[in-house]
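Below is one structure, written out as structure tokens, with a few remarks after it.
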Amino acid sequence: MSIEVRIPTILRTHTGGQKLVSGEGETLAALFDSLDAQHTGLKARVVTEEGALHRFVNVYINDEDVRFIGGLEAKLSDGDSITILPAVAGGM
């Protein structure tokens, strides 16, 4: 099973500058384990030591926010597209 993952600029130091990487896993948690084996340090920037998504990172599976579809236990299918986006805050 191959899952495509879009990497934001801020995390590309962990992927050698690649903006698109591939991983595998039946769940989002397994995918991050797979990615971390290939790109050391990437998982720690997305997942806390307690095993939850960092609150300042948004992750989408095929444009759906994972927080509403199971979080790290969300199921993945071959060909899914994952997008990792750092949260943006601001105001006037």
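- Summarising the geometry, atom OG1 belonging to T9 is positioned 9.0 Å from atom NZ belonging to K19; distances are rounded to the nearest 0.5 Å.
- For residues 59-85, no pair satisfies salt bridge (Lys or Arg N to Asp or Glu O under 4.0 Å), with sequence neighbours left out.
- Although no hydrogens or angles enter the test, the distance criterion places no donor-acceptor pair under 3.5 Å between the side chain of S34 and the main chain of G25.
- R12 places a side-chain N or O within donor-acceptor distance of the main-chain N or O of I7, the cut-off being under 3.5 Å.
- Residues R45 and I10 approach most closely at NH2-CG1, 4.3 Å, considering heavy atoms.
- Within the 4.5 Å cutoff, the side chain of E4 has no heavy atoms near those of the V21 side chain.
- Residues V59 and L28 form a side-chain contact, since some pair of their non-hydrogen atoms from C-beta on lies under 4.5 Å apart.
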Exercise for the section: Begin with the C-alpha distance, continue with both residues' side-chain angles, and end with the deciding distance and a verdict on side chain to side chain contact (heavy atoms under 4.5 Å, CB included) for V47 and V57. Expected result: CA-CA 9 Å; V47 179; V57 176; over 6 Å; no
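- Taking OG1 from T15 and CG from L35, the interatomic distance works out to 10.0 Å, rounded to the nearest 0.5 Å.
- The salt bridge (Lys or Arg N to Asp or Glu O under 4.0 Å) contacts involving residues 30-41 comprise D33-K43, where partners must be two or more places apart or lie in separate chains.
- Here the CZ-OG1 distance, from R6 to T83, works out to 4.5 Å after rounding to the nearest 0.5 Å.
- Looking at heavy atoms from C-beta onward, E26 lies out of side-chain contact with L76 at the 4.5 angstrom threshold.
- The number of heavy atoms from other shown groups lying within 6.0 Å of CD1 (I69) is above 12.
- Looking at heavy atoms from C-beta onward, V66 lies out of side-chain contact with I82 at the 4.5 angstrom threshold.
- Taking CD of Q38 as the start and CD of Q18 as the end, the distance is 9.0 Å to the nearest 0.5 Å.
- Taken to the nearest 0.5 Å, the OG atom of S77 stands 7.0 Å off from the CD1 atom of I3.
- When hydrophobic side chains of Ile, Leu, Val, Met, Phe, Trp and Tyr are connected at separations under 4.5 Å, Y60 ends up clustered with L85.
- Although no hydrogens or angles enter the test, the distance criterion places no donor-acceptor pair under 3.5 Å between the side chain of H39 and the main chain of G16.
- The shortest side-chain heavy-atom distance between I84 and F32 falls under the 4.5 Å cut-off.
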